[in-house]
Amino acid sequence: MLDKKYDFKTAEKKWQEYWQQNGTYKFDKDSKKPIYSIDTPPPTVNGKIHIGHIFSYSQAEFIARYKRMMGYNVFYPFGFDDNGLPTELLVEKERGLKAYTVSREEFSKMCMETVDKYEKSFKDLFISVGNSADWSLAYHTVSPDCQKSSQMSFLDLYKKGKVYYAEAPALWCTKCATAIAQSELESEEKESTFNYLKFYIEGSDDYVEIATTRPELLCACDCIFINPKDEKNAHLLGKKVRVPLYNFYVPVMSDDKVDLDKGTGVVMCCTFGDQTDTQWFKKYNLELKVAIDDLGRMTAIAGKYEGMKTKEARAAIIEDLKAEDLLIKQDPISHQVSVHERCGTEMEIKLKKQWFIKTLENKEEWIKKGNEVEWHPSFMKARYMDWVENLMMDWCISRQKYFGVPFPVWYCKDCGEIIVAGEDELPVNPLTTNPKHACPKCGSKNYIPESDIMDTWATSSITPQINTKWNVDDEFYKKMMPMTLRPNAHDIIRTWDFYTIVKSFYHSNCLPWKNVMISGFIMASQGQKISKSKSNSKSDPIDLINTHSADVVRYWTATGSLGRDIIFNEDKFKIGARLTNKIFNASKFVWLFLENYKPKKNTKLKPMDKWILSKFNEMRERFISYFEKYEVGLAMQELENYFWNFCDNYIELVKVRLYNPDIYGEDAKESGQYACYHVLLEMLKMFGIYLPHITEEVYQNTFKDTVGAPSIHNIELTALPVEIDKDLIKKGDEVCDIVSQIRGYKTDNKLSQKTKLTKATITSNNTEFFKSVEDDVKAVSSAQDIEYLEGNTAVEIAGFIVEEKESK
RNA sequence: GGGAGCAUAGCUCAGUUGGUUAGAGCACUUGCCUUACAAGCAAGGGGUCAUAGGUUCGAGUCCUAUUGCUCCCACCA
């Protein structure tokens with residue numbers, strides 16, 4: 001028996017504990033069922049989980065529940081990405097310190113404490129929203145096991161020649177003081193100024209005009225470029241020009257990368273102002289002039305501006321240029337600037353020794369792999385392709401940071417040889433451990449440990465390998481790879497999805513997974529995304545769960561279609577609350593008639609009972625076909641529509657039979673019970689995907705005794721044993737239509753729905769069918785007499801019987 | 001500059017391969033305490049499907065162009 005009211009506050013906790021204790025969602029390693037595996041995104045530990053995470057994770061979670069219900073052995077691990085820069089930034093912010101002000105050991109300890117705290121709260125939150133991950137499979141990327149896998153990955157790439165150590169221009173964040181990768185850039189619209197400067201031609205009073213937004217780089221100027229087709233300036237070729245303020249001379253050269261229409265059509269090349277400079281630096285073997293240090297301050301070559309931050313230096317230099325009459329004019333411009341996604345600092349380029357993974361040399365392969373993966377929705381593939389095609393640099397994986405996976409690498413102090421650890425030594429921290437062998441090249445035993453750590457993506461890009469026990473359990477790895485599904489939001493296609501494809505190809509020449517499911521973002525308002533770092537999350541998940549229930553929050557996450565951003569809208573919670581309430585009430589009511597009922601296989605079904613069963617199977621097919629396309633929201637809509645029809649039309653119609661077997665017969669009751677029993681049970685299973693708590697509450701108090709399974713979430717969905725009879729469905733729908741018209745008559749006449757009617761004349765082309773369901777129509781409409789006419793659907797009411805109200 | 005998505009009722013969205021009078025929910029109006037549910041039920045009003053062409057017996061759906069919104073990428077002299 002169900003309680004009178006459903007109290008989500010006690011029920012949700014109760015069932016969450018029940019599922020954990022019973023291992024309801026455990027992956028069964030020995031099962032013969034087909035496996036469905038999910039490479040769950042390990043959330044980055046860099047702040048609180050916001051509603052966007054709940055949205056995105058729920059959509060994938062629906063798939064896990066759906067697949068379990070469809071008879072799959074679902075492998076659904078969870079992880080945390082807790083190493084690297086994001087964690088460091090969080091710790092620095094929380095403790096109000098900079099990593100380099102304390103010892104490396106001390107800082108790592110702080111990071112571990114913070115990570116433990118957050119991971120516990122992340123886990124609690126995901127459990128409290130009813131997430132059905134198998135927590136026994138959980139991993140975290142800074143753990144020794146993951147570090148070992150990550151270093152193993154590095155060694156494998158090293159052996160295969162896919163990772164290299166080189167001095168090459170790398171993107172640099174002066175705030176975080178580390179190299180970063182192309183994928184970590186974001187563009188931001190910024191106001192700036194085009195400064196038109198005079199570069200005097202050597203041996204002449206004439207000058208050439210050059211426009212620059214970065215006059216602070218004048219000291220790093222190597223040469224100036226014109227376009228080979230530039231006739232106006234062609235005479236400058238071979239000559240030298242004087243760099244303003246610094247008064248050294250640089251040559252004029254030509255290159256077709258110069259855009260005639262930009263600025264003055266003449267460019268100064270500095271090491272380094274932008275990507276083009278790096279290409280020219282290589283192509284023309286230019287001199288390296290470093291104007292900016294690791295923390296964004298001007299170096300000695302800047303002369304009197306040394307020590308200033310770049311922005312200060314720029315202002316000072318402009319003043320001096322004006323004073324010396326070297327500034328012709330200034331034009332304000334607004335342009336897209338690359339900034340570091342984690343801190344918003346404008347990117348610089350620095351030449352330093354870094355480790356790089358080769359990504360440029362296999363573009364065709366990345367494209368091929370991208371085509372082999374199925375993208376849901378399909379148009380998201382374009383983002384991946386777009387990214388691959390526009391790759392400019394190999395993937396820089398070294399970070400000049402402290403808390404992360406160390407490189408298993410030392411350098412020989414005497415000859416510079418790279419010494420890598422053996423696989424049996426992993427995980428290894430070169431800062432605290434020496435290599436087992438002397439330098440293979442010169443025999444020296446003096447080493448310099450690599451103090452950099454790896455990019456956090458270098459580890460999270462092997463989550464399929466971590467999940468499937470690569471190099472730990474070969475048999476399992478072979479059985480599980482490729483995994484079935486990678487779900488994530490569209491912002492990390494270019495990082496997580498791309499890098500994972502790269503790694504799987506290099507390691508095992510295979511796909512990491514067969515499907516990618518891309519979810520959209522929750523927008524705070526038009527164009528404003530909710531994110532952890534920007535903390536405009538007015539919609540805290542914990543508060544939402546406490547006020548609306550986990551089921552209702554989950555319901556909300558199922559609205560909208562796959563891959564699309566949606567604006568946070570509280571109205572949807574109201575609808576979800578209405579639905580859960582209705583499911584509870586409908587179940588409670590229907591169960592009144594099912595308490596001691598055992599379904600019989602050969603029950604003779606009345607037409608309208610067959611109708612609702614047949615309609616169920618029809619809905620079930622659409623539901624499945626949406627799910628197969630990963631359209632979890634549209635699937636739910638199908639179910640929801642069916643459910644409301646079940647309540648508003650079918651229950652209303654059948655309840656009179658169920659109440660009064662003395663009038664309508666035991667057979668009529670049993671037929672109704674049969675339909676109610678099966679339809680309700682199947683609907684509960686399906687709703688269980690979205691609303692796991694309330695459906696469990698209903699199941700445990702009703703069907704469990706007859707069905708036997710320990711949880712509603714352990715039962716497979718079945719088709720009901722009736723044909724999908726389109727003709728019957730149409731006729732049954734017509735009955736509903738007529739009933740609705742009769743209700744309309746009562747409404748128009750301001751009558752209560754229970755008002756008795758003297759006679760209803762039903763016109764239909766299916767009068768035979770109407771006659772077969774006459775008892776039901778009479779019962780639901782309170783019509784005392786029914787007459788039939790052939791023709792297009794219509795109904796006419798002769799009149800009604802006014803009953804005197806009983807006074808209470 | 002390259003690419004993607006979207007445009008349907010006041011709002012949020014469905015609308016499968018082209019096929020009768022374009023659907024739902026919310027909001028709104030009106031009525032109803034009906035032997036589950038008033039946190040409920042019933043009924044109702046409301047749309048030239050962004051615009052302009054085209055293909056077709058037939059277009060919300062396919063094609064072309066235009067407009068607007070959003071996003072991704074590139075450009076950062």
Side-chain angles (χ1 to χ4, degrees), chain A residues 2 4-5 185 187-190 192 194-197 210-214 217 224-225 257-259 261-270 273-277 333-339 346-347 377 379-387 389-392 490-491 493-494 520-521 523 526-527 529 559-561 563-567 569 571-572 574-575 577-593 622 625-626 629 633-634 637-638 640-641 644 647-648 651-652 655-656 659-660 739-755 780 782:
Chain A
L2 285 161
K4 198 162 165 41
K5 290 271 177 193
L185 295 179
S187 32
E188 239 175 57
E189 186 79 17
K190 295 225 172 179
S192 185
F194 245 146
N195 302 286
Y196 290 79
L197 308 183
I210 294 179
T212 178
T213 54
R214 304 200 60 186
L217 290 177
I224 70 170
F225 280 104
K257 279 219 147 201
V258 178
D259 186 344
D261 301 323
K262 222 174 215 173
T264 62
V266 185
V267 193
M268 68 166 185
C269 173
C270 311
D274 64 20
Q275 295 275 3
T276 322
D277 290 342
I333 55 158
S334 167
H335 63 167
Q336 294 282 317
V337 179
S338 292
V339 299
E346 285 184 41
M347 172 271 291
F379 64 79
M380 282 297 177
K381 183 159 87 176
R383 294 210 183 183
Y384 172 88
M385 294 298 173
D386 209 20
W387 177 252
E389 276 158 21
N390 285 303
L391 272 177
M392 304 267 298
H490 56 56
D491 57 333
I493 291 174
R494 65 182 192 172
F521 272 138
M523 312 299 273
Q526 197 71 258
K529 63 180 162 190
T559 57
S561 43
R564 281 226 238 148
D565 295 347
I566 64 167
I567 294 171
N569 176 1
D571 285 356
K572 297 275 185 203
K574 213 167 77 183
I575 306 167
R578 217 164 75 92
L579 175 67
T580 49
N581 191 44
K582 190 76 173 179
I583 289 173
F584 190 79
N585 281 322
S587 302
K588 196 173 64 186
F589 178 62
V590 167
W591 198 254
L592 286 176
F593 307 101
R622 283 199 299 270
S625 95
Y626 272 130
K629 286 186 269 183
L634 300 179
Q637 255 181 43
E638 290 291 341
E640 226 182 320
N641 288 341
W644 285 99
C647 291
D648 296 342
I651 292 184
E652 287 300 321
K655 72 180 179 188
V656 189
Y659 270 122
N660 307 300
V739 168
S740 172
Q741 286 187 41
I742 295 172
R743 286 172 179 155
Y745 170 84
K746 292 180 182 176
T747 302
D748 290 346
N749 290 287
K750 306 194 173 179
L751 299 169
S752 153
Q753 290 299 328
K754 70 175 179 183
T755 309
V780 75
S782 310

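As the structure is a prediction and not an experimental result, all values here were calculated from the model. Residue numbers begin at 1 in each chain, while the letters A, B, ... track the order of the sequences.
Contact annotation for A:Ser740: backbone-only contact, meaning every heavy-atom pair under 4.0 Å involves sugar-phosphate atoms and none involves a base. When heavy atoms are screened at a 4.0 angstrom cut-off, A:Val590 is found touching no nucleic acid atom at all. Among the protein residues, A:Thr276 comes within range of the sugar-phosphate backbone only, with heavy atoms under 4.0 Å from sugar or phosphate atoms but none that close to a base. Residue contacts shown for A:Glu652 include a base, since a base heavy atom lies under 4.0 Å away. As judged by a 4.0 angstrom heavy-atom cut-off over every strand, A:Cys647 is placed among the base-contacting residues. Using a 4.0 Å heavy-atom criterion, one finds that A:Asp648 contacts the sugar-phosphate atoms exclusively. Within 4.0 Å of A:Lys582, counting heavy atoms only, lies at least one base atom of the nucleic acid. A:Ala211 comes within 4.0 angstrom of sugar-phosphate atoms only, judged by non-hydrogen atoms across all strands, and of no base.
Remark: RNA chain B forms stems of 3 or more consecutive Watson-Crick or G-U wobble pairs, all pair distances under 3.5 Å, at B:1-7 with B:67-73, B:10-13 with B:23-26, B:28-32 with B:40-44, B:50-54 with B:62-66.
Judged by distance alone, the side chains of A:Glu189 and A:Ser334 do bring a donor and an acceptor atom under 3.5 Å apart.
Judged by atom type and distance alone, A:Asn581 does not reach the base of B:G40 through any side-chain donor-acceptor pair under 3.5 Å.
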**Report entry** Sugar-phosphate or base contact per nucleotide [nucleotides 14-27 of chain B; S, B, -; heavy atom under 4.0 Å]
**Finding:** SS--------SSSS

